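As the structure is a computational prediction, the values presented were derived from the model and not from experiment. No hydrogens, no waters, no symmetry mates; every other heavy atom, side chains included, goes into these values.
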Amino acid sequence: MLKQYLQFKLSQKLSPQQIQLMKLIQLPTQAFEQRLKQELEENPALDTGKEKEAKDEFDEFDNSNDDYNDNDTIDAGDINVDEYLSDDEIPDYRTHANNYSADDDEKSVPYASGTSFTQHLITQLNTFRLSDQEYEIAQFLVGSVDESGYIRRSLSDITDDLAFTQNVYTTEEEVEKVLGIVHQLDPAGVGARDLQECLSIQLHRKEQHPDVELATKIIDNAFDQFTKKHYKKLMQKFNITEEQLKDAISEIENLNPKPGGSYAGNNRMVEHVVPDFAIRIVDGELELTLNGRNAPELHVSRSYNNMLKGYKESKEKTKAQKDAVMFIKQKLDAAKWFIEAVRQRQQTLFVTMSSIMHYQKEYFLTGDERNLKPMILKDIADEIEMDVSTVSRVANSKYVDTPYGTKLIKEFFSESMTNDQGEEVSTREIKKILETVIEEEDKKKPLTDDKLAKILKEKGYPIARRTVAKYREQLDIPVARLRKKI
């Protein structure tokens with residue numbers, strides 16, 4: 001039996017323009033510049049620069065209700081030119097001088113120069129006497145080296161790939177023999193299959209003396225005990241004193257665990273964080289500026305306005321002209337929207353960061369992380385009357401330059417907990433204290449999570465051992481056993 005019934009459902013959908021605006025807000029400075037460049041390339045009706053005179057020049061278009069006695073014409077009301085020409089003025093969001101910093105000129109993204117890492121290794125192969133097949137195998141091995149300097153594929157896989165992709169038929173034994181040649185290349189340790197082999201290669205190539213010889217024995221024969229810091233077992237195994245072990249470990253600690261990372265000429269982009277905001281202390285007060293590169297001067301292209309002018313003045317209007325002017329209208333609409341979206345983006349960024357700055361005023365005045373107040377996204381969203389997702393987009397991808405260094409904005413957010421005096425304190429404050437306690441511990445007898453929990457409780461922060469473990473992991477601090485030193 002079929003039943004009919006009415007169901008009312010309230011739903012809210014974002015328009016494509018709103019979605020695009022959200023994406024613009026999420027972009028950090030450098031990505032925004034790339035997005036701006038893309039828009040300028042794709043939309044010829046959008047232009048940069050100052051053209052104050054443009055509006056005056058086309059004021060004659062004020063009358064948007066003129067009718068044409070031609071069935072093929074477009075009502076001038078379809079294209080209200082004033083809406084577009086008004087953007088030729090310097091945007092009002094550029095007139096707030098205190099909101100933007102003068103660093104517009106630093107727009108180039110630096111790249112590392114020189115030959116690639118792979119080419120650097122291949123060049124070295126030419127210094128060895130190799131048969132044609134050995135050279136092909138060596139080239140393939142070098143091509144398998146990752147950015148850290150390791151070959152993380154098995155010899156059997158490499159042997160199969162050589163046959164299928166290079167028509168080089170060989171054996172695992174021959175590949176391993178050629179791999180020994182790759183291990184002689186610089187930087188030392190390149191081509192290793194794991195950390196143990198990487199450290200061993202470097203130690204074997206160092207000038208030999210008792211400390212290096214002992215370090216080599218430890219890596220080659222007791223690597224597991226070394227990584228687990230079982231120092232007493234190492235001293236017993238090699239019949240050595242604590243001082244001898246300490247000197248050998250010092251040799252190991254000076255090795256490079258990622259030989260590929262030390263080579264600058266690998267043609268990968270050099271990552272430079274561009275702060276989206278800057279906070280300065282001026283006469284005891286905080287002053288916020290938005291990076292000037294986020295405030296481009298945009299206007300509607302004059303040439304497109306000239307096209308409209310020509311269309312309006314022509315007496316005969318053909319189908320081709322009509323199609324052309326509709327295309328112009330679409331581009332003008334897109335340009336007008338993009339200019340407005342950029343304005344909204346800048347306003348949203350500035351309002352959001354200003355609210356965060358005032359919320360954490362005590363921290364920004366002192367730089368002491370213990371002064372960070374508990375703050376969640378909703379706190380800021382409620383204050384500026386925006387959605388939590390909008391605040392999240394600003395916080396997760398933007399950096400601020402402060403007197404204490406460049407910080408990722410989301411680092412200022414933290415949950416709260418109650419101390420033994422009933423006060424709300426930031427979890428960031430607790431983490432800072434935990435970090436300080438661990439820094440000051442006796443490294444010969446590092447504090448366990450249980451002991452850390454007791455110390456924090458004594459300081460007025462009653463948190464469980466599992467919470468201490470969680471905070472320690474978030475701080476990227478290893479367990480007590482791995483913090484042990486001799």
Side-chain angles (χ1 to χ4, degrees), residues 12-51 54-55 78-96 99-101 104 107 274-277 288-305 308 326-356 377 380-381 384-399 409:
Q12 182 180 11
K13 292 184 178 179
L14 292 174
S15 68
Q17 288 84 358
Q18 287 173 311
I19 293 171
Q20 288 297 317
L21 177 59
M22 290 298 101
K23 289 182 178 179
L24 277 182
I25 289 172
Q26 189 165 352
L27 296 177
T29 298
Q30 284 182 305
F32 170 71
E33 287 182 319
Q34 292 300 314
R35 176 68 179 85
L36 176 63
K37 182 181 177 183
Q38 178 188 350
E39 191 71 22
L40 286 167
E41 289 174 351
E42 293 177 356
N43 189 351
L46 187 66
D47 209 346
T48 59
K50 302 177 183 178
E51 294 191 12
K55 182 173 180 178
D78 287 347
I79 306 172
N80 187 349
V81 180
D82 290 333
E83 291 182 8
Y84 306 111
L85 297 181
S86 62
D87 286 309
D88 280 349
E89 296 286 355
I90 299 176
D92 57 2
Y93 53 86
R94 287 284 295 183
T95 62
H96 304 292
N99 292 355
Y100 306 98
S101 56
D104 301 65
K107 293 188 177 181
V274 176
D276 304 272
F277 307 91
L288 174 66
T289 56
L290 177 64
N291 189 322
R293 290 157 65 172
N294 289 286
E297 294 182 12
L298 300 174
H299 63 85
V300 175
S301 170
R302 181 188 294 183
S303 62
Y304 265 55
N305 287 321
L308 284 181
M326 288 303 295
F327 172 80
I328 293 170
K329 182 181 183 299
Q330 290 174 354
K331 293 301 181 183
L332 289 174
D333 284 337
K336 184 174 181 294
W337 173 83
F338 191 76
I339 290 168
E340 174 61 18
V342 169
R343 184 194 67 79
Q344 289 187 38
R345 174 184 182 271
Q346 285 150 219
Q347 184 180 28
T348 301
L349 294 187
F350 194 82
V351 167
T352 305
M353 188 63 226
S354 181
S355 177
I356 293 170
L377 295 172
I380 301 301
I384 62 177
E385 297 181 345
M386 289 187 183
D387 195 79
V388 169
S389 63
T390 303
V391 179
S392 175
R393 284 179 169 86
V394 175
N396 285 334
S397 58
K398 308 290 187 301
Y399 288 83
I409 293 169

Report task. Sort out for me which residue in E42, E41, Q34 forms a side-chain hydrogen bond (donor to acceptor under 3.5 Å, both in side chains) with Q38. Result -> E42
**Report entry** Worked check of side-chain contact (heavy atoms from CB on, under 4.5 Å) between M353 and I409
**Finding:** CA-CA 8 Å; M353 188 63 226; I409 293 169; 3.6 Å; yes
Report task. Assess whether side-chain contact (heavy atoms from CB on, under 4.5 Å) is satisfied between I384 and T390, documenting all intermediate values. Result -> CA-CA 11 Å; I384 62 177; T390 303; over 6 Å; no
Query - E340 and Q344: side chain donor to acceptor below 3.5 Å - result: yes
Query - Qualifying residue for side-chain contact (heavy atoms from CB on, under 4.5 Å) with F338, from L21, N43, D333, L298 - result: L298
Query - T348 OG1 to R343 CZ distance, which is reported to the nearest 0.5 Å - result: 8.5 Å
Query raised in the report: Taking the side chain from K398 and the backbone from Q26, do they hold a donor-acceptor pair closer than 3.5 Å?
Result: yes
Query raised in the report: Taking atom CG of L36 and atom OG1 of T29, what is their separation to the nearest 0.5 Å?
Result: 12.0 Å
Report task. Working to the nearest 0.5 Å, report the span between CZ of R345 and NZ of K23. Result -> 15.0 Å
Query raised in the report: When rounded to the nearest 0.5 angstrom, what distance separates OG in S392 from CD1 in I25?
Result: 11.5 Å
**Report entry** Gap between atom CG of L349 and atom CZ of F32 - 0.5 Å precision
**Finding:** 9.0 Å
Query - Rounded distance (nearest 0.5 Å) linking atom OG of S354 with atom CD1 of I380 - result: 9.5 Å
Query raised in the report: Which residue, N294, N291, V274, D276, forms the side-chain contact (heavy atoms from CB on, under 4.5 Å) with P28?
Result: D276
Report task. Would you mind checking if R35 and E39 are paired as a salt bridge, meaning a charged N to carboxylate O distance below 4.0 Å? Result -> yes
